[in-house]
Amino acid sequence: MQTLEQLLEGLNEKQRAAVSVLSGPLLILAGAGSGKTRVLTNRTAYLMANGIPGDQILAVTFTNKAAKEMKSRIEQLLMGAMDSFRMPTVGTFHSICVRILRQEIEKLEQGYTSNYVIFDTDDSQKLLKMIMKDLQIDEKEIKVRGLQGIISSLKNQLVFAHNVSGALADWGTSKLTEAVEQVYPEYQKRLREHNALDFDDLLMKVVEVWEKCPDVLEKYRNKWQHVMVDEYQDTNFVQYRMIRLLVDKHQNIGVVGDDHQSIYSFRGADFRNILDFEKDFPDATVVKLEQNYRSSGNILDTANKLISHNETGRKKDLWTEAEKGERIKVQEVWDEKMEGNYIAEQIKGMMNGEHETDFVPKGYKDMAILYRMNAQSRAIEEALMRHQIPYQIIGGTRFFDRKEIKDVLAYLRLIFNSRDDVAFLRIINVPTRKLGAATIEVIKKYANEYQMSLYEVLEAVEDISELPASKKMVLKDFWKQIEMMKGKYLNGPVTILLGYVIDDFKILEYLDDGSGEGEARQQNVRELLSVATRYDATDDSLASFLEGVALVADIDNHNKDTDTVTLMTVHASKGLEFPVVFLPGWEDGMFPSSSSQFDAAQLEEERRLGYVAITRAEKLCGITHAKQRMLFGRTEYGSPSKFLSELGTDTVEVVEYQGGGEGRSGYQYRSAGREGYKGKVTFSHPLMEKGKAKKGDTIRDKTSMSAEIAAMNNAPQSREEALFGDAHKENDSGFGVGQRVKHASFGEGTIIQISGDVLSVAFAGEGVKKIVASSSPIEKI
DNA sequence: TTAACGACGCTAGTA
DNA sequence: GCGTCGTTAA
């Protein structure tokens, strides 16, 4: 019984009440910083300590990172306390659905097999474009993205392709809805033909199979008798439906969330799910966690004041025992460059001990810069570089979205599932095999005629009279190479297969164009090898690797151990906390974003986003707003965010911009009085005007400039550099990058970087190790 | 068939 | 400001 006590130790009364609910519906309304994660993990452990087998518990988190953290915390809690235990299933909706569908999808009898592939937004866009071409829908008239968006939201509402016309009745008739009616069913048909699912399908198909096959649903109801859902306010309709199906029998459903932190309605999330929980489950135990352990008093009060301007949502009284601390500082700056400079100087100042406050940051890692959109990062990055401040940036172009990475992955996808036409088209001429549109068209025609996938056509390519002999040979060789790899390496460790793909298809040679960017692309491909080693030990190495890379989010790669400032969007920062937080760009049209200008519900969502932003801060929070800003190549004038005037004056210190802006002193700025900002909304957003960007007069070479600054600085400039360092192709002892080696204690691995005599080797299961080539037990294989 | 060039549109946020 | 895409020249 010792363990039970321990699991409740150190919790406040409310937290304890939540943790000790062993069954039935439970709603935990957890304000920002109220110890939500702790409650979630301790409750899981508590259930297990009370005799509920771990494998009967399902916990759904919002990101893979959260899942990983939760698992390791549960392990820590129970290790030593229990002799043996089975781990609960912890994962995101998407990752859990992937696993369910690997087992069950064939039961749908739609032609899917368990080795289906996952299409990302890019893949599905390509497919949609092909369909539009075939259906002769003009891409200029109907935007692919718009179409994709509507199809996605239909799927999130569980509208199936066969009843799309009924669902679209509410939308009225337009060119767009007509297009959707035509395209959506065709899109689903082609996905089936490709044995592919898009992100929305992953959820939808699970609901479909559960609704169609009661025995399958029954199996999962028995398997997971206790279900917990984190960030419940961000669930959408399909996810809600899934949960209901799963728990309606045993009713053991615990959800945690905060309607004030619902910031994902743009992708279908509906915070009414959390508001209606008690209606859905009348017997629910409701626990409100309102004590905040994260932020000092002034920060919390400011956040509370901001969110109080929202009309929808539950009223909460978030309080803290912490002292008032520093006031939030609102600083006006000239433009985005000076904003970057200001933030960089503040950071430098704090690191040099020139702080005006009692709080002393322990390092760069205590600080974060959270912005509304990724495009804001550029000016800030440049300022940080100039000030030699190390940083890591989350988001922007994801590693797995880079072209070279997607190309290599497309090879693996084609090897894994030869029906994947999108993968086929991506790589059939990459590296170039001198195949053009004409050749591809012939293959497409043939595939269409005989109802085959594009790849299958290659097997009988000799029979196609329309192709010249030279093309036939090239195509057949390609086919033979892929077949050979399928035969030899399909079921082995994915690193081996990947190594051969990179080698045999001469990917590195192809990427080497002599430029710095070419070099960076090669490094990315090598990095992919080291990522792959993590999957080598799994049973179905290739499948789990492809799944893993399809479902990673940017935030999953956040490293809180390296001593760097963190840059990311406010969206990505949800669930995190930092002693010092900078919030740039609080101007109308930026934050709140211009799209919320005429929509009260969207404006409230922006306000919630502002609330999330401020509540990330523990000790210091600095907000900046610029008089003017370069956006999409144009200079825009902005007034201070309307949110600033909602923060009150007691807990906020306002500093106006002093001095002129480079040759722009004529600009008159309305000063903010003591009662805070009263700026009127005059921001004009370039997306709203149909103006044309004027061409830039000077073209700056970004790479050379970054390299120049990087040379002045020995700290890693970016994630890339931190990962790759300064690598050379081959060293004196004859080791080469990409080569497979064997180490006496670490086993087999792949060289991913060479720096003099020091090799960086990615070992399966061991991660990347630095090894001195001349004095280590290492040999080539 | 490919490389070079200019027009165009975008960026809100994401699994 | 920048990448993508389609057109054009070689």
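All values below were derived from every heavy atom in this structure, side-chain atoms included, with hydrogens, water molecules and symmetry-related copies excluded. Since this is a predicted model, take the numbers as computed values, not measurements. In the text below, chain A, chain B and the rest are named by the order of the sequence lines, each starting its count at 1.
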Review item, side-chain donor-acceptor pairs of residues 430-439 of chain A, under 3.5 Å, at least two apart:
| residue | atom | partner | partner atom | Å |
| --- | --- | --- | --- | --- |
| A:Thr432 | OG1 | A:Lys434 | N | 3.2 |
| A:Arg433 | NH1 | A:Ile427 | O | 2.8 |
| A:Arg433 | NH1 | A:Ile428 | O | 2.7 |
| A:Arg433 | NH2 | A:Tyr411 | OH | 2.7 |

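Checking A:Ser152 against A:Arg372, the closest nucleotide of DNA chain B that is more toward the 5' end is the one next to A:Arg372. Heavy-atom distances to DNA chain B give each of A:Ala572 and A:Lys143 a nearest nucleotide, and the one nearer the 5′ end belongs to A:Lys143.
Residue A:Phe266 and nucleotide B:dG13 are classified as a stacked aromatic pair, their ring centres being separated by less than 5.5 Å at an interplanar angle below 30°.
Computed from coordinates, the A:Asn374 CG to B:dC10 P distance equals 17 Å when rounded to whole Å. The nearest whole Å value for the distance from the NZ atom in A:Lys129 to the P atom in C:dT4 is 11 Å. Residue A:Arg145 contributes atom CZ, which lies 12 Å from atom P of B:dT14 at whole-angstrom precision. The distance between atom CD of A:Glu604 and atom P of B:dG13, rounded to the nearest whole Å, is 22 Å. The separation between A:Leu197 atom CG and B:dA15 atom C1' is 14 Å, rounded to whole Å. The separation between A:Ile263 atom CD1 and B:dG13 atom C1' is 8 Å, rounded to whole Å. Residue A:His571 contributes atom NE2, which lies 9 Å from atom P of B:dG13 at whole-angstrom precision. One atom, CE of A:Met568, and another, P of B:dT11, lie 22 Å apart when rounded to the nearest Å.
Across all strands shown, A:Lys574 has no heavy atoms under 4.0 Å from either base or sugar-phosphate atoms. A:Gln239 comes within contact range of no nucleotide atom at all, as no heavy-atom separation falls under 4.0 Å. Within the 4.0 angstrom heavy-atom criterion, no nucleotide atom of any strand lies near A:Gln376.
Remark: A:Glu208 engages A:Lys205, A:Lys212 in a salt bridge (charged side-chain N to carboxylate O under 4.0 Å, His left out) (not counting sequence neighbours). Residues passing the side-chain hydrogen bond (donor to acceptor under 3.5 Å, both in side chains) test with A:Ser262, sequence neighbours excluded: none. For the ring-ring contact (aromatic ring centres under 6.0 Å, His included) test, no residue two or more places apart in sequence or in another chain qualifies with A:Tyr116.
Rounded to a whole angstrom, the distance from the C1' atom of C:dC5 to that of B:dA12 is 23 Å. For the C1' atoms, the distance from C:dG6 to B:dT11 is 22 Å, rounded to whole Å.
The cationic atom of A:Arg608 (NZ for Lys, CZ for Arg) does not lie both less than 6.0 Å from the six-membered ring centre of A:Tyr611 and within 45° of the ring axis.
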Under 3.5 Å, which protein N or O atoms sit close to an N or O of nucleotides 1-3 of chain B? Give each pair with its distance.
| residue | atom | partner | partner atom | Å |
| --- | --- | --- | --- | --- |
| B:dT1 | OP1 | A:Gly436 | N | 2.8 |
| B:dT2 | OP1 | A:Thr432 | OG1 | 2.7 |

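Screening residues 93-102 of chain A for salt bridge (Lys or Arg N to Asp or Glu O under 4.0 Å) gives A:Arg102-A:Glu547 as the qualifying pairs, with residues at least two apart or on separate chains.
For A:Gln602 against B:dA12, a side-chain N or O and a base N or O form a donor-acceptor pair under 3.5 Å.
Under the 3.5 Å distance criterion, with hydrogens and angles disregarded, a donor-acceptor pair is assigned to the side chains of A:Thr89 and A:Trp224.
Each of A:Tyr371, A:Phe591, A:Tyr264 was scored for a ring pair (Phe, Tyr, Trp, His ring centres under 6.0 Å) with A:His571, with one residue passing: A:Tyr264.
In the set B:dA15, B:dT11, B:dT14, B:dT11 carries the atom at the smallest distance from any side-chain atom of A:Ala375. The listed nucleotides are B:dA15, B:dA12, C:dC2; the one nearest the side chain of A:Thr92 is B:dA15. Of the candidate nucleotides B:dC10, B:dA12, B:dG13, B:dG13 has the atom lying nearest to any side-chain atom of A:Thr569.
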